[in-house]
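Structure, as structure tokens:
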Amino acid sequence: MTESGTADRTRIERYEPTAIEPRWQARWAELGLHRTNLHDASRPKFYLLTMYPYPSGDIHIGHWYVKTPTDALARFRRMHGYNVFFPIGFDAFGLPAENAAIARDIHPREWTMANIDNMRRQLRLMGATFDWDSEVVTSDPDYYRWNQWLFLRFLEAGLAYRTTAAVDWCPNDGTLAREQVEGTDRRCWRCGARVEKRDLEQWFLRTTKYADELLDFSGIDWPEPIRIMQTNWIGRSEGAEIIFSTAPDEQQAGGDELRVFTTRPDTLFGATFMVLAPEHALVEKLTHPARRAEVEAYVARAGTETEIERLSTEREKTGVALGAEAINPVNGERIPIWIADYVLSGYGTGAIMAVPAHDERDFAFARKFGLPIRRVVAAPDTADDAALESAYVAHAAGERMVNSGRFTGLPADEGGRAIVETLAADGRAKPAVTYRLRDWLISRQRYWGTPIPVIHCDVCGIVPVPDADLPVLLPETVDYRGSGENPLQRDRAFVDVACPRCGGAARRETDTMDTFMDSSWYWYRYLSPHFDGGPVDRAMVDRWNPVDQYTGGAEHAVMHLLYSRFFTKAMADVGIIGEREPFKRLFNQGQVLGIDGERMSKSRGNVQDPDELVARYGADTVRLFLMFMGPWDQGGPWNPTGIGGVHRFLNRVWTVTLEPHGRAAGDPAEVVGDVGAAGRELRIAAHRTLQAVSADYEGLRFNTMVAKLMELTNLLMRYRGTAVAGSADWDEAVRLLLLMLAPSAPHIAEELWSRRVAAAGEPWRSIHAERWPEWDAALVAARTVELPIQVNGKLRDKVELPAGLSQDEIERIVLAREKVQAALGGKAPDKVIHVGGRLVNLVIRG
RNA sequence: GCCGAAGUGGCGGAAGUGGCAGACGCGGCGGACUUAAACUCCGCUGCCCGCAAGGGCGUCAGGGUUCGAAUCCCUGCUUCGGCACCA
């Protein structure tokens with residue numbers, strides 16, 4: 001990189017980022033520029049959070065894309081006088097560590113810690129101002145201890161519970177986490193076998209308790225698409241619960257209650273059969289002996305089929321009749337009861353009234369099994385008994401109920417309400433709301449996670465581990481290899497334990513927690529990472545929350561971002577914190593893909609290593625290029641071809657700052673006529689840039705921010721070596737340029753700033769401690785405008801005018817113009833449209 | 001199938017609320033510097049016709065609203081993301 005002796009004499013020194021950047025990073029660390037005094041209440045706080053990374057081993061360009069613009073925002077806010085808290089940590093539990101452990105015979109902790117060390121080093125290369133003093137590593141007992149503590153509080157509050165649930169299960173490797181099931185045909189990640197469903201005792205958190213509150217986004221500024229995704233995921237449906245009862249026959253006394261949930265009580269007269277989920281509790285009791293073999297075979301098959309097979313919309317409906325009948329409460333009609341796997345046991349009541357005329361799924365089922373289809377709602381122009389080629393589902397204005405006894409003729413919505421009211425009098429129906437959201441299954445049969453702190457005692461049942469015994473440490477020496485069950489189960493020293501209540505022999509719970517538990521409250525822990533009296537120091541949380549700006553990927557829309565909202569509400573309800581929403585403003589940046597447009601991954605070999613780019617161009621160029629690539633929320637394929645342009649831009653910034661009087665070979669010998677006017681133009685441009693750039697930073701529009709800095713720099717380049725260079729106007733423009741650049745390209749800005757300060761004989765002060773400048777409103781206001789002139793909407797001419805002319809004056813000037821007259825063909829315009837002094841459109845007809 | 005986002009030069013992209021389409025950058029072409037190259041700098045660069053002045057056409061396609069549409073409305077196509085028998 002060293003310049004040979006042939007360099008132009010006027011060149012003082014080349015811009016060499018690799019020489020500059022480490023020096024400033026060391027200096028910032030010395031100065032504690034990154035450290036936040038969390039007790040400083042003299043300035044307004046700003047909590048800026050970026051999603052903490054999983055320590056996979058290497059920082060790749062995707063991490064830079066996510067983190068460096070956020071750092072720019074942190075620096076921008078600091079320059080506005082905020083006390084900015086910008087922490088970082090590691091999401092250190094999870095499956096990849098266990099994979100690596102098995103593949104390379106290295107302990108998950110060792111693997112994880114080595115990766116964290118490497119990632120810390122790489123993260124520092126970014127020149128980002130993370131507050132490392134607040135770092136949190138979730139696999140640290142000091143952290144997961146509080147996972148356990150929180151779990152126990154939730155358990156006490158009834159927010160955690162244990163029940164049997166169907167989990168993914170591999171015939172060779174046992175229970176799998178959801179993410180261990182691969183591909184659309186759902187195979188085990190380790191052995192490739194088909195994954196089945198199996199009922200197991202599992203721990204859950206009661207997310208459904210907060211369903212309605214989670215639907216409420218008032219008071220938080222989140223992107224609409226995320227709010228929609230969460231809303232759909234929660235899936236609130238309003239309708240009614242209706243109670244059918246089983247009919248007596250030669251086998252059954254009848255009278256068993258069959259509850260169904262429906263959003264269409266108006267179609268109750270159209271219910272021609274009922275369908276229960278194969279797992280429904282009454283299936284066994286209701287099955288007619290003659291049907292038993294077939295029913296049992298069907299239930300068994302439904303249990304082993306993969307979820308995808310079962311839920312596929314493409315698949316033809318299957319099901320079997322139980323040989324029993326139910327009584328429709330509205331008309332006493334006897335209808336057959338079936339079981340079919342298209343009815344899900346986990347939604348509603350696990351049973352439906354089937355109305356084939358008005359539900360596509362029921363329609364398909366009825367067609368296949370020859371069950372009756374009876375129309376009970378008709379559009380205005382449709383006959384009461386018009387045949388149906390497909391289910392009539394849509395609502396139409398003027399539709400009415402038909403074939404519905406005394407409700408016939410009523411509009412559907414009114415009739416539905418009336419039916420529910422009528423049945424409610426006998427306790428056979430009530431309005432009901434159902435959600436798609438399920439409780440959160442947090443049990444994982446894995447080693448590398450937080451042990452769930454309970455003990456199973458044959459006498460006392462489930463006994464929580466006393467707070468004083470926390471943390472339940474993950475044993476370090478367990479044999480985590482091998483296949484099948486959770487390795488913790490084989491560790492007798494871990495499992496065998498005395499019951500805290502009765503002192504008898506008992507077994508420790510071996511399930512560990514889903515790692516989304518760890519990430520559901522980590523930002524609270526950042527505020528007091530070593531606090532010993534609880535998971536959080538309440539005073540710090542009260543002062544610093546909510547997070548003012550959270551940035552991270554949209555892929556977490558219905559996982560991490562929903563769990564975090566749930567956790568905050570649950571923590572508030574057990575009295576740990578006061579806030580009910582964690583993140584005030586959310587921004588979802590996009591994802592950098594490989595050059596092939598695919599997700600970056602080592603196995604695809606399309607991963608861009610930022611270290612190489614940093615070695616070649618410096619961190620500032622890489623940061624700036626990532627911001628310049630496109631809108632931050634968009635992401636896109638990685639394509640490094642433009643990076644040289646950004647590097648050249650920084651070189652020009654270097655040049656205009658240090659060599660204002662230089663002229664490069666090939667520069668035109670520009671002579672500036674009016675130095676005062678040119679200087680004024682420079683000042684105006686600088687202040688307008690400042691205004692626009694400030695707004696872009698605020699709105700996280702980094703790509704246009706960089707473009708505007710480039711424009712200002714190009715203007716400076718034009719006047720370099722002329723009489724304007726070095727003037728007070730020039731100087732101000734350069735000063736503003738450096739300040740605006742500082743958050744995004746912090747090293748070069750700091751370097752050039754220090755040289756300016758030294759040249760002026762002033763004491764050094766970091767540019768990052770400077771106040772963000774204010775623009776001069778008088779300079780920003782336009783003095784003259786270039787007015788585009790349209791004729792019939794087509795651009796025909798432009799004219800430079802002083803600002804603030806009246807419409808009459810503008811019209812007079814415009815109409816006098818030769819090109820305008822030519823375009824009008826000598827005629828007078830029929831109409832003249834003025835657009836706020838910004839454009840004129842002359843309209844002629846004919 | 002349902003929900004959401006998006007389609008603009010050779011490429012990445014720019015145009016808060018309808019008002020100069022293509023800012024900025026890449027790439028390309030030409031030039032300056034150099035013995036030469038690299039580096040750097042300057043100019044041109046949506047497409048078509050024209051020596052030029054100038055004109056025509058242009059924001060996925062087709063309609064519409066408007067003095068005026070990349071932007072609003074309708075229909076369709078394509079790509080990406082989410083959900084996927086949720087009664």
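Throughout, protein chains are lettered first and strands after them, A, B, ... in sequence-line order, and every chain is numbered starting at 1.
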Of the options [options], whose atoms approach the side-chain atoms of [X] most closely?
X: A:Tyr342; options: B:C85, B:G54, B:C67; answer: B:C85
X: A:Met229; options: B:A87, B:G19, B:G82; answer: B:G82
X: A:Trp233; options: B:C85, B:A87, B:A84; answer: B:A84
X: A:Leu344; options: B:A87, B:G54, B:A84; answer: B:A87
X: A:Ile833; options: B:A87, B:G19, B:C26; answer: B:G19

* Can you check whether A:Thr434 has a side-chain N or O nearer than 4.0 Å to OP1 or OP2 of B:A87? ->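 For B:A87, OP1/OP2 do not have a side-chain N/O of A:Thr434 under 4.0 Å.
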* To do: Considering just the side-chain nitrogens and oxygens of A:Lys794, establish if one lies under 4.0 Å of OP1 or OP2 belonging to B:C57.
  =>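 Indeed, a polar side-chain atom of A:Lys794 lies that close.
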* Using atom types as modelled and distance alone, determine if a side-chain donor or acceptor of A:Asp359 lies under 3.5 Å from a backbone N or O of A:Ala391. => no
If you restrict it to nitrogen or oxygen atoms, what contacts under 3.5 Å exist between nucleotides 2-9 of chain B and the protein, and what is each distance?
{"unit_1": "B:C3", "atom_1": "O2'", "unit_2": "A:Asn232", "atom_2": "ND2", "d": "3.2"}

Taking atom [atom2] of [N] as reference, at what distance in whole Å does atom [atom1] of [X] sit?
X: A:Ile234; N: B:C83; atom1: CD1; atom2: C1'; answer: 14 Å
X: A:His647; N: B:C26; atom1: NE2; atom2: C1'; answer: 16 Å
X: A:Met629; N: B:G12; atom1: CE; atom2: P; answer: 12 Å
X: A:Asn841; N: B:G19; atom1: CG; atom2: P; answer: 13 Å
X: A:Arg796; N: B:A53; atom1: CZ; atom2: P; answer: 16 Å

* Structure fact -> Using Watson-Crick geometry (N1-N3 plus N6-O4 or O6-N4) or G-U wobble (N1-O2, O6-N3), each under 3.5 Å, B:C2 is paired with B:G82
Distances under 3.5 Å between protein N/O atoms and the N/O atoms of nucleotides 20-25 of chain B, please, pair by pair.
{"unit_1": "B:C20", "atom_1": "O2", "unit_2": "A:Lys798", "atom_2": "NZ", "d": "2.4"}
{"unit_1": "B:A23", "atom_1": "O2'", "unit_2": "A:Glu711", "atom_2": "OE1", "d": "3.3"}
{"unit_1": "B:A23", "atom_1": "O2'", "unit_2": "A:Glu711", "atom_2": "OE2", "d": "3.2"}
{"unit_1": "B:G25", "atom_1": "OP1", "unit_2": "A:Asn714", "atom_2": "ND2", "d": "2.9"}

* How far apart are the closest heavy atoms of A:His834 and A:Val840, and which atoms are they? ->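 Minimum heavy-atom separation between A:His834 and A:Val840: ND1-CG2, 3.8 Å.
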* Reckon A:Pro637 touches a base, only the sugar-phosphate, or nothing at all at heavy-atom distances under 4.0 Å? ->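 Since no nucleic acid heavy atom lies under 4.0 Å of A:Pro637, the category is nothing.
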* To do: In whole angstrom, give me the gap between the P atoms of B:G7 and B:A61.
  => 13 Å
* Is it true that A:Glu224 and A:Arg227 make a salt bridge, defined as a side-chain N closer than 4.0 Å to a carboxylate O? ->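 Yes, this pair counts.
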